[in-house]
Amino acid sequence: MDDRPIGIFDSGAGGLTVLHECLVTLPHEDFIYLGDGARCPYGPRPREEIRRFSHEIASYLQDAGVKLIVAACNSATAAALPELQERLTVPIVGVLAPEAHAAVQATRNRRIGVLATEATVASGRYAQAIHTLDAGAQVVATACPRLVPLIETGAPTEEIDAAVREYARPLKDEGVDTVILGCTHYPLIRPVLERVFGRMTTLVFSAEETAREVAETLDRKGIASERSREGSTRFLTTGKPGEFRALGERFLQLPIAGVEQVAIRDLELAAA
Ligand code: DGL
């Protein structure tokens, strides 16, 4: 038994969707959530920069004494996961492989769509992960640069709806029957995505698949907490704590008692 917390990070509030699924699956675990609100969005940034930010945050969480880190950000996973796993001692779970696996299992016509940030699409990591499992699957990926800023700023639904329709068009034209929502922010607009794609398309969300992987990893490594205990969560942001709290509570209907602010300098020092 190991009662140390699990660290979860994202560029902003998107990783809260992963935290939510982890809380449903693992209510006895403690969590530390760190959102890099001051530097969100990651999607348009160069790979090297996303890699540096991810390394800083993961090092900070490792120093805070976590037993496992979840990179709850597809852009960070695509840019930095192998390097983080090489450089840190704590186990790190990313958000890309579990969805690729779920999509390959779900598709009937072997045409899989991906909606993600520019960085994730440019990395080609989803196509790679899918082709490792099914070399004959067809992958159609669309970058959605407007979605994360619209979600983080709580833009009006009409704008979000119009953007999703536009980004979904090429996937529909190619006849995909399964779509990976390859950004942890996207479950926050789940009803829009479900309406636009309809009942006949299987949607694969990172959050659910990742929570399953976290639970399995804890069990197999023998580092799960005592099941009879009740876990707690600490929230950290590099952005404005009040804004983070309001966004988190609204999206997840999760009461957040307090949000601590982390200085970027402290993240930089952790990675130095
Ligand atoms: N939620 C993140 C992802 O999964 C971040 C997106 C962004 O910051 O652009 O990619």
Side-chain angles (χ1 to χ4, degrees), residues 7-22 33-58 69-81 84 92-100 102-103 113-127 129 141-155 160 163-164 167 179-190 193 203-211 213-214 235-240 243-244 247-248 251-252 264 267:
I8 301 187
F9 78 89
D10 178 46
S11 63
L16 289 174
T17 60
V18 177
L19 172 67
H20 167 73
E21 293 298 333
C22 288
Y33 182 93
L34 199 159
D36 195 5
R39 301 186 290 194
C40 185
Y42 280 8
R45 294 180 186 275
R47 184 166 175 211
E48 207 33 65
E49 197 174 34
I50 301 175
R51 220 185 258 180
R52 179 160 54 82
F53 292 174
S54 306
H55 182 237
E56 288 169 6
I57 296 174
I69 292 175
V70 187
C73 173
N74 296 74
S75 308
T77 300
L81 186 66
L84 293 180
I92 306 186
V93 170
V95 284
L96 216 135
E99 303 102 80
V114 178
L115 293 183
T117 66
E118 306 97 295
T120 301
V121 171
S123 75
R125 291 281 310 280
Y126 270 115
T142 302
C144 312
R146 300 209 306 281
L147 283 188
V148 168
L150 287 173
I151 294 168
E152 284 273 337
T153 56
I160 294 180
V164 170
Y167 295 136
V179 177
I180 295 176
L181 284 322
C183 172
T184 53
H185 278 75
Y186 299 169
L188 298 172
I189 54 165
R190 187 176 190 133
L193 292 158
L203 300 183
V204 177
F205 290 94
S206 340
E208 291 151 31
E209 304 305 329
T210 306
E213 175 124 337
V214 171
F235 293 92
L236 279 58
T237 179
T238 57
K240 298 196 173 94
E243 281 177 16
F244 179 89
L247 206 63
F251 282 137
L252 296 181
I264 298 288
L267 298 182

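Numbering of ligands and ligand atoms starts at 1, following listing order.
Listed here is the closest heavy atom pair of G182 and A116: O-CB, 3.5 Å. Residues A207 and T17 come closest through the heavy atom pair CB-O, 3.3 Å.
Within ligand 1, counting atoms from 1 as listed, the ones closer than 4.0 Å to a heavy atom of G43 are 7 (C), 8 (O), 9 (O). Taking every heavy atom of H185 and a limit of under 4.0 angstrom, the matching atoms of ligand 1 come to 1 (N), 2 (C), 5 (C). Close approach to T184 involves these atoms of ligand 1, each under 4.0 Å from a residue heavy atom: 1 (N), 2 (C), 3 (C), 4 (O). Distances below 4.0 Å separate heavy atoms of C73 from the following atoms of ligand 1: 2 (C), 3 (C), 4 (O), 5 (C), 10 (O). Of all atoms in ligand 1, numbered sequentially from 1 with element shown, those under 4.0 Å from a heavy atom of P41 are 7 (C), 8 (O), 9 (O). Within the listing of ligand 1, atoms 1 (N), 2 (C), 5 (C) sit less than 4.0 angstrom from a heavy atom of D10. Distances below 4.0 Å separate heavy atoms of S11 from the following atoms of ligand 1: 5 (C), 6 (C), 7 (C), 8 (O).
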Output side-chain donor-acceptor pairs under 3.5 Å for residues 39-48, partner residues at least two apart or in another chain, one line each.
| residue | atom | partner | partner atom | Å |
| --- | --- | --- | --- | --- |
| R39 | NE | D36 | OD1 | 3.3 |
| R39 | NE | D36 | OD2 | 2.8 |
| R39 | NH1 | E56 | OE1 | 3.0 |
| R39 | NH2 | D36 | OD2 | 3.1 |
| R39 | NH2 | E56 | OE1 | 3.0 |
| Y42 | OH | D36 | OD2 | 2.5 |
| R45 | NE | R39 | O | 3.1 |
| R45 | NE | P41 | O | 3.2 |
| R45 | NH1 | E49 | OE1 | 3.4 |
| R45 | NH1 | E49 | OE2 | 3.4 |
| R45 | NH2 | R39 | O | 2.9 |
| E48 | OE1 | R51 | NH1 | 3.3 |

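At a 3.5 angstrom cut-off on N or O pairs, Y42 counts as close to ligand 1. Where the criterion is an N or O separation shorter than 3.5 Å, residue side chain and backbone included, T117 fails it with respect to ligand 1.
Of all protein heavy atoms, the one lying nearest to atom 3 (C) of ligand 1 is N74 N, 3.3 Å. Nearest protein heavy-atom contact of atom 10 (O) of ligand 1 is S75 OG, 2.6 Å.
At distances below 3.5 Å, not a single donor-acceptor pair connects side-chain atoms of E21 with backbone N or O atoms of E209. No donor-acceptor pair closer than 3.5 Å links the side chain of Y167 to the backbone N or O of T142. In this structure, T77 contributes its side chain and A71 its backbone to a donor-acceptor pair below 3.5 Å. Of the possible polar contacts, none joining the S123 side chain to the A79 backbone as a donor-acceptor pair under 3.5 Å is found.
Contact annotation for V148 and ligand 1: only side-chain heavy atoms (C-beta onward) come within less than 4.0 Å of the ligand. Contact annotation: for C183 versus ligand 1, heavy atoms closer than 4.0 Å belong to both the backbone and the side chain.
Between T210 and T184, every side-chain heavy-atom pair lies at or beyond the 4.5 Å cut-off.
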